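Scroll down for the structure; my scribbles are underneath it.
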Amino acid sequence: MLRKQFFAIPLLAASLVTGSARAESPTAPAQAVLQRLMPNLAPQFQLALIPKPDRKDYFRISGTQGHIRVEAATQPTLLYGVNWYLKYVAHLQISPNGSQLGPPNLALPAPGAPIEKQALYPWRYALNENVDGYSAPYWDQQRWQHEIDILALSGTNAILIERGMDLVLYQTFRDAGYSDQAIRNWIVQPAHQNWQLMGNMCCFEAPVSMKLLEKRSHSAQQLIATLRSLGITPVLPGYYGIVPANFASLHPGAHVITQGDWNGFTRPGWLDPRDPNFDKLAASFYRHQHALYGDSAIYDMEIFQEGGAAGDVPVPEAAKKVQQALMRDHPDALWMLLGWQQNPTQELLSSLDTSHVLIAEIEQGRIPREDRDREFRGASWLYGGLWEFGGRTTMGAPLYDYAVRLPKMAARPNSRIVGTAIFTEGMDTNPFAFDLYTEMAWHANPVTLTEWADAYAIRRYGANDPHARSAWQILLKTAYGYRADGNTQHGERDASQDSIFNSQPSLTATRAATWSPDVLRYDPADFAPALTELLQVAPALRSTETYQYDLVDVARQTMANEARRLLPLIKQAYDTKDKIAFAKLTKEWLHDMELQNQLLQTSPFFLLGRWLSFVPPWASSPEELDRLNYDARSILTTWGDRKASEYGLHEYGNRDWAGLTSDYYMVRWQMYFDSLSTALNTGEAPKTIDWYAFGDQWNHNQKTYDATPHGDSYDAALAIANTLHLAPNQQSEAHQ
């Protein structure tokens, strides 16, 4: 199969980056990952890097009780060998949302026989460009390190780093004649900055401070050094022509194409790559990037991301010039493009050297695209996993498209699939999907999901519990049971629905974010028993981080689904002017939201305070703290200024978080219901509420929120179950 010819690229890249690391031993960085993630178990692993003569990547597990030996050709594969052992020999789990590592004095069991698996693909890539907005913009080094550790243990060998590219832009345009103030007014604040790198916007909440640019650059240098020490390729943004809109005023005659708007924001200009100024800017960009962060094997660039205009510029010639500029400074590099919406077009690909192109195909969970090898004109491509938008907390993913379609497509003769790409817009939701998707890089054949889910339940909680297995079979058939069907009439259906508790209040709301799915892909009544089953998991298993997370997540989702039953009843009561029913139902709605907030505050993964706690250390003055606080809050709510928000971006980053639910979503619904109640009493039309003004005021608020959880998750989940008549004792009574 053709994909086997590509192994030399990442193995060479890994050897180059690891060779520069000053580690105590070749496996010291990998051993440090184990020490951070599982300090009690780490000493029981012996790691060894042993390349094979054929240079193919692999891992091999052997050993005796308490002495587990894992060998591999590269560190990411070595770490995935440890993960495979944890999953399928020890029945333990490390996940983005909690770990289950057994008792403190556990002696790891020996494998019954040596286990060896060949790596099927050279690339196992991670991170959507938007992760730097919806999850990571203000993470500190420790939080980023934890994410890298989880990704590394999941076998990832290429990770996108956008942090720090703002300083590259600053230096590039200072070289081009811009003043310090002018270019700092153009560069966007951290939570929105990745959209500037994609050519979607500029100038939001300006100016960015020089101290912040320097802090972010220093942080990026540390992150990139960490990746290289682990043999992970840091994927970096490339330069494709974005410029401030007034570039031609400083460089008379420069051919700059106005790019219009993106969702209500004015895009940066695009400099014609045939223009003599382009080569100067590209050379400056790559020179500064190299000086700050070194080089990469992969550079990420989208010329016309979600729109944009070529004007009178011939797209094939422009794309060729962009690639030539990249290849001049990085002759062996790959240009990573997105297989997303209409991109990359045949026109753009027609002039490229596709042997130096890598396409992350990220629509397979929405539209079954079976002919990508031809459509991508021979370019290598990654089978992407995109099951979450905006950092939203909804449970769901099209697992069939990963467990069954991926291996079938990769097995075709001369397949150009060379890897996988975790492309969720936010991180650390849906650990079930994350576990399955990252594992599919190691399965040559389709996986039977019912069997896989049973094994997942065992390692997730540490025992073969019938209620845990039953819960996950229910979840598999409902939240994780949908698949790509090509239906484009109901929003971004590669993701699951979001919560209408989080929607801008309306009696006809069917989604919170403008482009979210407006219908459920399953019957909520089929989902709800998963909560009943989880509440009956054996008491001895309930103290694990993994169980605690899942219980909160399933109870949260069950309550979110309840809103879709309740809202039409509220509308009916209002339309029929039934004041008593309206008062009763709206009181129930707000009580449900209060119960949900009480549940969410018991988990570290559902706290607004945790998100906001990362912001203050980046600020160098009270004024800057105000800007950064607004930046971090607005990405969750209004998203941008009034024009962009009302265009459709508001609520795109909605999520079920304690604090956000109580102080933002609940307050809005209370205001709305009060206005409707007044209308019922007076017979007049309801008062119009300026939702943007409300959101903008909240975004400027300085209130702090708890960054650590409090309360008991089981009690809070049980309270929801009791309210919804799903508690185990209620179910028993119902069947008597």
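Here the structure is a predicted model, which is why all the values come from computation and not from measurement. The chain is numbered in sequence order, starting from 1.
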Measure centre to centre between the rings of [X] and [Y], then say whether the value is under 6.0 Å.
| X | Y | answer |
| --- | --- | --- |
| Y664 | W698 | yes |
| Y299 | Y239 | no |
| Y138 | F614 | no |

Practice task
Anything under 30° is parallel, anything over 60° is perpendicular, the rest tilted; go ahead and classify Y630 against F204.
Solution key: tilted
Exercise for the section: If the plane angle is over 60° it's perpendicular, under 30° parallel, otherwise tilted; pick one for H192 and W195. Expected result: tilted
4.5 Å side-chain heavy-atom contact, [X] and [Y]:
| X | Y | answer |
| --- | --- | --- |
| L212 | D166 | no |
| W387 | F423 | no |
| I161 | V235 | no |
| R392 | T429 | no |
| H650 | Y692 | no |
| P616 | L625 | yes |

Problem - Partners meeting salt bridge (Lys or Arg N to Asp or Glu O under 4.0 Å) with E651 (sequence neighbours left out) - result: R668
Heavy-atom donor-acceptor pair, [X] side chain to [Y] backbone, under 3.5 Å:
| X | Y | answer |
| --- | --- | --- |
| S503 | A512 | no |
| R216 | M165 | no |
| K211 | W618 | no |
| Y125 | A158 | no |
| S154 | I150 | yes |

Going by atom types only, do [X] and [Y] share a side-chain donor-acceptor pair under 3.5 Å?
| X | Y | result |
| --- | --- | --- |
| H330 | Y286 | no |
| W262 | E306 | yes |
| Y402 | T420 | no |
| D656 | N502 | yes |
| H255 | D312 | yes |
| R184 | S209 | no |
| Q171 | D175 | no |

Answer yes or no: are there more than 12 heavy-atom neighbours, outside [X] itself, under 6.0 Å from its atom [atom1]?
| X | atom1 | result |
| --- | --- | --- |
| K320 | NZ | no |
| Y647 | OH | no |
| Q702 | CD | yes |
| H700 | NE2 | yes |
| H356 | NE2 | yes |
| Q697 | CD | no |

Exercise for the section: With sequence neighbours excluded, tell me which residues meet side chain to side chain contact (heavy atoms under 4.5 Å, CB included) with A318. Expected result: W270, P273, V313
Which pair of heavy atoms, one from [X] and one from [Y], lies closest together, and at what distance?
| X | Y | answer |
| --- | --- | --- |
| A433 | A397 | CB-CB, 3.6 Å |
| G390 | E425 | N-OE1, 2.8 Å |
| E375 | R372 | OE1-NH1, 2.8 Å |
| F173 | I242 | CZ-O, 3.2 Å |

Exercise for the section: With side chain to side chain contact (heavy atoms under 4.5 Å, CB included) as the test, would you mind laying out the steps for M198 and E302 before giving the verdict? Expected result: CA-CA 6 Å; M198 292 187 288; E302 287 299 303; 5.6 Å; no
Practice task
Start with the C-alpha distance between D295 and H290, add both sets of side-chain angles, then the distance that settles side-chain hydrogen bond (donor to acceptor under 3.5 Å, both in side chains), and finish with yes or no.
Solution key: CA-CA 6 Å; D295 300 327; H290 169 81; 2.8 Å; yes
Exercise for the section: Could you grab the distance from atom CD1 of I422 to atom CG of L127, nearest 0.5 Å is fine? Expected result: 7.5 Å
Practice task
For Y652, enumerate each residue passing the ring pair (Phe, Tyr, Trp, His ring centres under 6.0 Å) test, keeping only those at least two apart in sequence or located in another chain.
Solution key: Y134
Exercise for the section: May I ask you to say whether D279 pairs ionically with R274, meaning some side-chain N is under 4.0 Å from a carboxylate O? Expected result: no
Problem - Pairing of D663 and K703 as salt bridge, 4.0 angstrom limit - result: yes
Handout entry: Qualifying residue, where the test is salt bridge (charged side-chain N to carboxylate O under 4.0 Å, His left out) with D428 and the options are R143, R655, R610
Key = R143
